[in-house]
Amino acid sequence: MHVQVGIIGVGPAGLLLARMLSLQGISCVILEAQTRAYVEGRIRAGLQEQGSVDLLTEVGLAERLHKEALVHDAVEIAFDGVRHRIDLHALTGKHVYIYGQHEIVVDMIAMNLAAGVPMIFEAEATALSGLEGDRATINYRHAGEDKTLTCDYIAGCNGFHGLARDALPAGIRRDFDRVYPYAWLGILAQATPVTNELIYCHHPSGFALFSMRSPEISRCYLQVPPDEKPENWSDDRIWTELQNRLGTKSELTIPVGPIIQKGVTGMRSFVCEPMQYGRLFLAGDAAHIVPPTGAKGMNLAFADIYVLANALTAFYKNNTTELLARYSEMALKRVWRAEYFSWWMTSMLHIDPTANAFDQKRQIAELHAVFGSEAGQKLFAQNYVGLPFGM
Ligand code: RFL
Ligand code: PHB
């Protein structure tokens with residue numbers, strides 16, 4: 001089988017690319033190692049930037065999102081026992097949206113299938129070749145058989161633990177990496193969110209985040225050691241610690257309810273450069289990872305795809321390879337801004353177990369400097385709501 005673009009991975013990146021290409025009449029196939037039920041049930045991101053929602057709306061993928069998403073004007077940052085409300089909309093004119101990544105994935109799979117985009121589940125890409133030649137090949141395994149797909153271009157949208165990045169020759173590829181000395185214990189609970197906005201907490205016992213998926217479902221996170229086991233955290237212990245980290249001076253009492261999911265996520269920053277080699281283009285987590293604090297991972301995947309889909313469209317419609325040749329440079333500019341912001345927000349709000357007394361005092365002073373001034377709040381807000389796509 002030959003297609004113009006072979007896409008590896010039914011995640012947000014691969015699904016948006018398939019949608020944008022199919023709207024332009026560019027043929028593509030998506031290969032996915034997992035089952036449809038698995039990818040549709042994978043609980044991950046919750047916060048969409050305005051730019052992501054605008055793009056999803058433009059390509060007809062946001063009908064249900066606009067009915068069900070919670071539209072937020074502000075977030076709260078709690079430190080030194082006090083909650084500070086950051087009015088994102090007043091500071092930037094933009095909103096952020098709460099709508100689960102898996103819901104977007106459900107919507108995008110349905111729309112792509114309805115548009116006739118072939119999607120092969122339980123098809124694991126095993127090798128890429130011909131990247132320097134006239135056509136590229138993806139070898140994959142499906143239903144117990146080895147198969148091949150040839151294509152003009154390959155989009156490696158296969159997430160962090162995938163093979164696409166490894167197809168870049170060692171002499172060309174450069175990795176930039178930082179692993180943080182803490183992780184997040186994330187829970188999903190049948191409990192009313194403590195307020196109707198997100199609260200990010202800096203607390204001597206560690207960071208906490210109060211988020212949500214709906215007015216009935218809370219999504220909360222606690223900073224834990226990197227090797228923490230979720231089994232060490234009973235429901236009681238989780239709720240007690242969440243209440244503790246919300247701060248003793250807070251008048252809020254957290255509504256508790258059954259915890260329906262819990263898991264530990266490691267925290268790292270990672271960038272692979274370049275994001276393109278020959279006929280292979282990397283997008284989303286396949287090329288870069290951010291710690292989840294700034295809620296940037298999926299939004300960054302969409303921003304990459306915006307650049308890549310436009311470059312592929314320019315090639316197939318106008319026969320120009322200029323944008324394709326500049327893909328890596330253009331995408332990386334925004335990637336590094338999001339990497340910087342995610343690192344900054346993470347470093348400001350978490351307790352670093354290696355920090356000394358000076359570092360601890362300096363961290364509190366930084367929080368006052370940023371959130372106690374309008375200039376600081378504005379810098380935070382502009383980055384948090386998301387930089388423009390295609391900047
Ligand atoms: P994905 O979603 O990992 O999809 C990659 C897909 O590729 C498949 N795959 C293969 N298929 C075929 N052959 C192979 N060899 C393959 N290898 C892999 C995989 O099965 C998978 O289906 O990558 P993509 O599309 O780049 O999307 C990235 C996002 O998923 C990720 O950045 C976000 O979830 C990060 N993230 C957040 N991002 C936000 O923008 N806002 C948030 O609020 C937010 N919160 C979060 C998050 C991530 C979290 N965790 C669990 C890491 C909160 C958490 C806790
Ligand atoms: C989430 O709801 O999962 C979420 C929200 C904001 C973040 C990270 C995760 O910064």
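Numbering of ligands and ligand atoms starts at 1, following listing order. Side chains are part of it too, since the values below use all heavy atoms of this structure and drop only hydrogens, waters and symmetry mates. For clarity, every value in this text was computed on a predicted model and none was experimentally measured.
The shortest N or O to N or O distance between R42 and ligand 1 is below 3.5 Å. Checking only distances, W184 never comes within under 3.5 Å of ligand 1, N or O to N or O. Residue-to-ligand polar distances place D285 within reach of ligand 1: an N/O pair is separated by less than 3.5 Å. Not a single N or O atom of W184, backbone or side chain, sits closer than 3.5 Å to an N or O atom of ligand 2. Close N/O approach between I43 and ligand 1 is not found [any backbone or side-chain N/O within under 3.5 Å]. On a distance-only criterion, G14 and ligand 1 share no N/O pair closer than 3.5 Å.
Nearest protein heavy-atom neighbour of atom 23 (O) of ligand 1: G159 CA, 3.7 Å. Nearest protein heavy-atom contact of atom 2 (O) of ligand 1 is R44 NH1, 3.0 Å. Atom 14 (C) of ligand 1 has as its closest protein heavy atom A125 N, 3.7 Å.
Separation of the Y182 and F207 ring centroids does not fall under the 6.0 Å cut-off. Ring centers of H142 and F121: at least 6.0 Å apart, outside the cut-off. Aromatic rings of F341 and W336 (six-membered ring for Trp) have centroids beyond the 6.0 Å cut-off, not under it.
Contacts between I98 and ligand 2 below 4.0 angstrom, taking non-hydrogen atoms only, are absent altogether. Residue contacts with ligand 2 for S211 involve side-chain atoms from C-beta outward but no N, CA, C or O (heavy atoms, distance under 4.0 Å).
For the residues Q101, H161, E32, E124, the heavy atom positioned nearest atom 34 (O) of ligand 1 is part of Q101. Closest heavy-atom approach to atom 47 (C) of ligand 1 among the candidates A33, A13, A45, C157: A45.
Using a 4.5 Å heavy-atom cutoff, the side chains of Q377 and Q382 are not in contact.
If you check the side chains of R219 and Y221, you find a donor sitting under 3.5 Å from an acceptor.
Geometrically, K67 does not engage Y99 in a cation-pi contact defined by less than 6.0 Å to the ring centre and at most 45° from the axis.
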Side-chain donor-acceptor contacts of residues 161-171 below 3.5 Å, not counting sequence neighbours, with atom names and distances?
unit_1 : atom_1 : unit_2 : atom_2 : d
R165   : NH1    : F160   : O      : 3.2
R165   : NH1    : A286   : O      : 2.9
R165   : NH2    : F160   : O      : 3.1
D166   : OD1    : R173   : NH1    : 2.9

What donor-acceptor contacts under 3.5 angstrom involve side-chain atoms of residues 10-25, with partners at least two apart or in another chain?
unit_1 : atom_1 : unit_2 : atom_2 : d
R19    : NE     : V59    : O      : 2.8
R19    : NH2    : V59    : O      : 3.1
S22    : OG     : A18    : O      : 3.2
S22    : OG     : R19    : O      : 3.1

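Which parts of ligand 1 touch G284 is read off a 4.0 Å heavy-atom cut-off, strictly below it: atoms 26 (O).
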